[in-house]
*Asks:* 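One structure, pasted below without further comment.
Predicted, not measured: the structure shown is a model, and the values here were computed from it. Residue indices begin at 1 and follow the sequence shown. Both ligands and their constituent atoms are indexed starting at 1 by order of listing.
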Amino acid sequence: MTPLAGWGGYPRVSCDEVAPGAEEATHAAFAPGGTIARGLGRSYGDAALNAGRRVVTLTGLNTYRSFDEQTGVLDCGAGVSLEAIIRDYGPRGWFPMITPGTKFVTVGGCIANDVHGKAHHAQGTFEKSVDSFRILLADGTIVDASRHQNAELFAGCFGGMGLLGVILSARIRLRRIGTTWFRQRAFVARDLDELLALMAQADAEYPYSVASINPFDTGARLGRGVLTVGDHATADELPAGRPPLKISAPSALTVPFTLPGFLFNPVTARVLHALIFQVLARGAPYAHYEKFFYPLDAIGHWNRGMGPRGFTQYQFVIPFERGSENLRKILEVIAASGLLPSLNVLKRMGGPGIGPLSFPFEGYTLAIDFPIRDGTRALLQRLDQIVLDAGGRIYLGKDAFLDAKTFAAMYPRLDEFRAIKARVDPAGVFTSDLSRRLGIGG
Ligand SMILES: Cc1cc2nc3c(=O)[nH]c(=O)nc-3n(C[C@H](O)[C@H](O)[C@H](O)COP(=O)(O)OP(=O)(O)OC[C@H]3O[C@@H](n4cnc5c(N)ncnc54)[C@H](O)[C@@H]3O)c2cc1C
């Protein structure tokens, strides 16, 4: 048994982890008690955990099967990471179509969480870049799934949390790029209403937009934040001396071991926010993709900085209707909690994905980190109720605390997902700590 955790380091459980190569993956996927697939373990909570049971880590499925230079269609193993795709195809003028805030994620993980990025309002979720995939089902067969073949299974896997089968490979479309640089602008907002107004305006003008607030602000300054917007830079506009298709070397900085919990305290948390505010507000006119998409990847194992008890990222989406009022309520509860909110991202989301359990819908999404402390569960339960009352839902890719009843109330297409699951995996071969906690089935 191997101790395993998600990116948040909470919960940490012993699992029967195997990491097969492509040849053995189909056998390794099956074990008494059930299995869950795992990619690079960047989900924050228990999505890729299976206490006392099999976890099949698929980073060994890391080969490219074919690439069409005309269309940008890449056929690759499900364990290929976005980092590898950028490194290998970036210099040739291609980039992942949709990317989350870290490049250390696998194609299989991006499908299972139907991940979204800074341009969700304009580009949708990862599903938009997937033409088809090959999936190992509970009965041991391998089938192709696309919008035209096994279409229900195809849709179900986006946000399906690995519970319908093991994705072995996928055909994804890459984006043609002229440069690996972004033109960007930053706007400072004095309060929440100003920030939300700026965000609405930005979404009409820019594909990429994301805000960050200082969660310690209260009263008239509540929701004070910085909005960063941007678009791909063309080769002609780049300032001299910047290689248009520059790819970064691996980061040399890393947090070598888990730091003591006391280092993250009310003083350091406030200093961190003041620094983030300054850095964001002073954003340079052109940013390399590393800074634009992946600022956190600059420090390896940064999650160790949050202390031995780990941390959680709370991410919800709530409708635009009464959105400002509900966000205010949530931010007030967070500020009064004393529970050291840290990194956060506020964004407007576009329409829903095709998966019954895909997270996004039109509205405001806030993702915010909290170190695990004695009061964390109670705070998140309180926030869950506000989110539910607002007609919102929690992102399972980040979650470790939601209960089954609240989850069912937040995901109205849950029965649709359960019906697909009952058809392709009636015995619940694919199961995880998350699926059992939330009573999803399996
Ligand atoms: C710094 C940081 C920033 C992030 N930013 C964003 C963001 O902006 N937007 C966003 O949407 N998410 C974001 N995330 C979350 C991350 O993108 C997702 O959790 C992603 O799914 C992780 O991919 P992974 O390969 O690490 O998968 P894992 O975390 O290992 O697994 C995630 C899920 O995928 C399933 N899975 C993995 N491989 C397969 C497979 N081959 N077949 C079937 N199921 C599989 C697992 O069972 C599990 O349910 C962020 C995470 C971090 C750490």
Side-chain angles (χ1 to χ4, degrees), residues 4-9 15 17 19-20 22 25 29 35-50 54-62 76-84 96 98-120 124-127 133-137 145 156-170 208 210 293-303 306 311 313 315 317 343 345 347 349 353 357-360 365 367 369 395-399 430-435 438 440 442:
L4 276 183
W7 188 245
C15 305
E17 189 193 19
T35 301
I36 195 67
R38 183 175 171 101
L40 278 162
R42 256 45 180 202
S43 294
Y44 280 69
D46 54 3
L49 297 182
N50 216 4
R54 175 66 49 93
V55 169
V56 58
T57 293
L58 294 158
T59 45
L61 307 190
N62 59 357
C76 64
V80 164
S81 68
L82 297 194
E83 187 266 338
I98 310 286
T99 175
T102 173
K103 58 189 180 302
F104 297 115
V105 286
T106 62
V107 167
C110 287
I111 293 173
N113 266 321
D114 199 16
V115 300
H116 57 273
K118 280 180 166 191
H120 181 263
T125 54
F126 197 75
E127 171 261 315
F133 52 72
R134 279 169 66 243
I135 181 166
L136 172 68
L137 297 178
C157 285
F158 291 98
M161 311 309 293
L163 297 171
L164 299 180
V166 176
I167 296 162
L168 299 173
S169 66
Y208 299 96
V210 70
F293 282 137
Y294 313 121
L296 292 168
D297 287 351
I299 304 176
H301 292 294
W302 62 264
N303 54 342
M306 302 298 276
F311 68 113
Q313 184 169 100
Q315 181 168 3
V317 56
L343 304 176
V345 165
K347 214 196 120 43
M349 293 199 120
L357 298 187
S358 180
F359 164 69
T365 183
D369 290 357
Y395 185 16
L396 302 187
K398 311 285 179 75
D399 173 55
F430 298 110
T431 178
S432 64
D433 285 3
L434 176 137
S435 75
L438 297 179
I440 298 180

*Asks:* Under 4.0 Å, heavy-atom basis, I'd like to know which part of Val115 is in contact with ligand 1: side chain, backbone, both or neither.
*Replies:*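 It is both parts that get close, each with some atom under 4.0 Å.
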*Asks:* Would you indicate which of Ala112, Gly101, Ala48 comes nearest to atom 35 (C) of ligand 1 when only heavy atoms are counted?
*Replies:* Ala112
*Asks:* Under the criterion side-chain contact (heavy atoms from CB on, under 4.5 Å), I'd like the reasoning laid out for Leu163 against Ile440: C-alpha separation, chi angles, the key distance, then a yes or no.
*Replies:* CA-CA 9 Å; Leu163 297 171; Ile440 298 180; 3.9 Å; yes
*Asks:* Can you list the atoms of ligand 1 that are under 4.0 Å from a heavy atom of Ala47?
*Replies:*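 With Ala47 as reference, the close atoms of ligand 1 come out as 47 (O), 48 (C), 49 (O).
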*Asks:* Under 4.0 Å from any heavy atom of Ile36, which atoms of ligand 1 are there?
*Replies:*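 This gives 47 (O) as the contact atoms.
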*Asks:* Could you work out, for atom 16 (C) of ligand 1, the closest of Val105, Val56, Leu343 by heavy-atom distance?
*Replies:* Val105
*Asks:* Look at atom 42 (N) of ligand 1 and find which of Leu49, Leu4, Ile167, Leu82 reaches it with the closest heavy atom.
*Replies:*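 Nearest heavy atom to atom 42 (N) of ligand 1 lies in Ile167.
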*Asks:* N/O of His116 under 3.5 Å from N/O of ligand 1, yes or no?
*Replies:*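 Between His116 and ligand 1, an N or O pair is found under 3.5 Å apart.
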*Asks:* For Met161, is at least one N or O under 3.5 Å away from an N or O on ligand 1?
*Replies:* yes
*Asks:* Counting only heavy atoms, which portion of Asn113 has something under 4.0 Å from ligand 1: side chain, backbone, both, or neither?
*Replies:* side chain
*Asks:* Using a 4.0 Å heavy-atom cut-off, which part of Thr106 comes near ligand 1: side chain, backbone, both, or neither?
*Replies:*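 Thr106 to ligand 1: contacts from backbone and side chain alike.
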*Asks:* Is the gap between the ring centers of Phe104 and Trp302 under 6.0 Å?
*Replies:* no
*Asks:* If you define the side chain from C-beta out and look only at heavy atoms, does anything of Leu296 sit under 4.5 Å from Leu343?
*Replies:*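 They are in contact (side-chain heavy atoms under 4.5 Å apart), so the answer is yes.
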*Asks:* Of the listed options (Gly162, Ala37, Pro295), which comes nearest to atom 47 (O) of ligand 1 when hydrogens are ignored and any heavy atom counts?
*Replies:*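 It is Ala37 that holds the nearest heavy atom.
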*Asks:* What atoms of ligand 1 come closer than 4.0 angstrom to any heavy atom of Trp302?
*Replies:*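 Near Trp302, the atoms of ligand 1 are 1 (C).
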*Asks:* Applying the side chain to side chain contact (heavy atoms under 4.5 Å, CB included) test to Leu4, which of Asp46, Asn50, Val55 qualifies?
*Replies:*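 In the set Asp46, Asn50, Val55, the residue that makes a side chain to side chain contact (heavy atoms under 4.5 Å, CB included) with Leu4 is Val55.
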*Asks:* Under 6.0 Å between the ring centres of Phe293 and Tyr208?
*Replies:* yes
*Asks:* Quick one: does ligand 1 sit under 4.0 Å from the side chain of Tyr395, the backbone, both or neither, non-hydrogen atoms only?
*Replies:*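 For Tyr395, only side-chain atoms sit under 4.0 Å from ligand 1.
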*Asks:* Taking distance alone, with N or O pairs closer than 3.5 Å, would you say Leu296 contacts ligand 1?
*Replies:*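 The answer is no, given that Leu296 and ligand 1 share no N or O pair closer than 3.5 Å.
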*Asks:* Heavy-atom distance to atom 32 (C) of ligand 1: which of Gly41, Ser432, Ser43 wins?
*Replies:*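 Result: the heavy atom closest to atom 32 (C) of ligand 1 is in Ser43.
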*Asks:* If the cut-off is 4.0 Å to any non-hydrogen atom of Leu58, which atoms of ligand 1 fall inside it?
*Replies:* 40 (C), 41 (N)
*Asks:* Answer whether the closest heavy-atom distance between the side chains of Ile167 and Leu61 falls below 4.5 Å.
*Replies:*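 No; the side chains remain at least 4.5 Å from each other.
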*Asks:* Could you list the atoms of ligand 1 found under 4.0 angstrom from a heavy atom of Trp7?
*Replies:* 53 (C)
*Asks:* Heavy-atom contact check, 4.0 Å cutoff: does Tyr294 meet ligand 1?
*Replies:*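 Checking ligand 1 against Tyr294, which is what was asked, there is no heavy-atom contact under 4.0 Å.
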*Asks:* Side chains of Thr365 and Gln315: is there a donor and an acceptor less than 3.5 Å apart?
*Replies:*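 On atom types as modelled, these side chains qualify, holding a pair under 3.5 Å.
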*Asks:* Within ligand 1, which atoms have a heavy atom of Ala78 less than 4.0 Å away?
*Replies:*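 Matching atoms, with element in brackets: 41 (N).
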*Asks:* Do any nitrogen or oxygen atoms of Arg42 come within less than 3.5 Å of a nitrogen or oxygen of ligand 1?
*Replies:* yes
*Asks:* Short list, please: which atoms of ligand 1 are under 4.0 Å from a heavy atom of Gly165?
*Replies:*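 Atoms satisfying the 4.0 Å criterion: 43 (C).
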*Asks:* Please work out, at 4.0 Å between heavy atoms, whether the side chain, the backbone, both, or neither of Lys118 comes within that distance of ligand 1.
*Replies:*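 Neither part.
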*Asks:* Treating Asn113 as the side-chain partner and Ser43 as the backbone partner, does any N or O pair qualify as donor plus acceptor under 3.5 Å?
*Replies:*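 No: the side chain of Asn113 does not pair with the backbone of Ser43.
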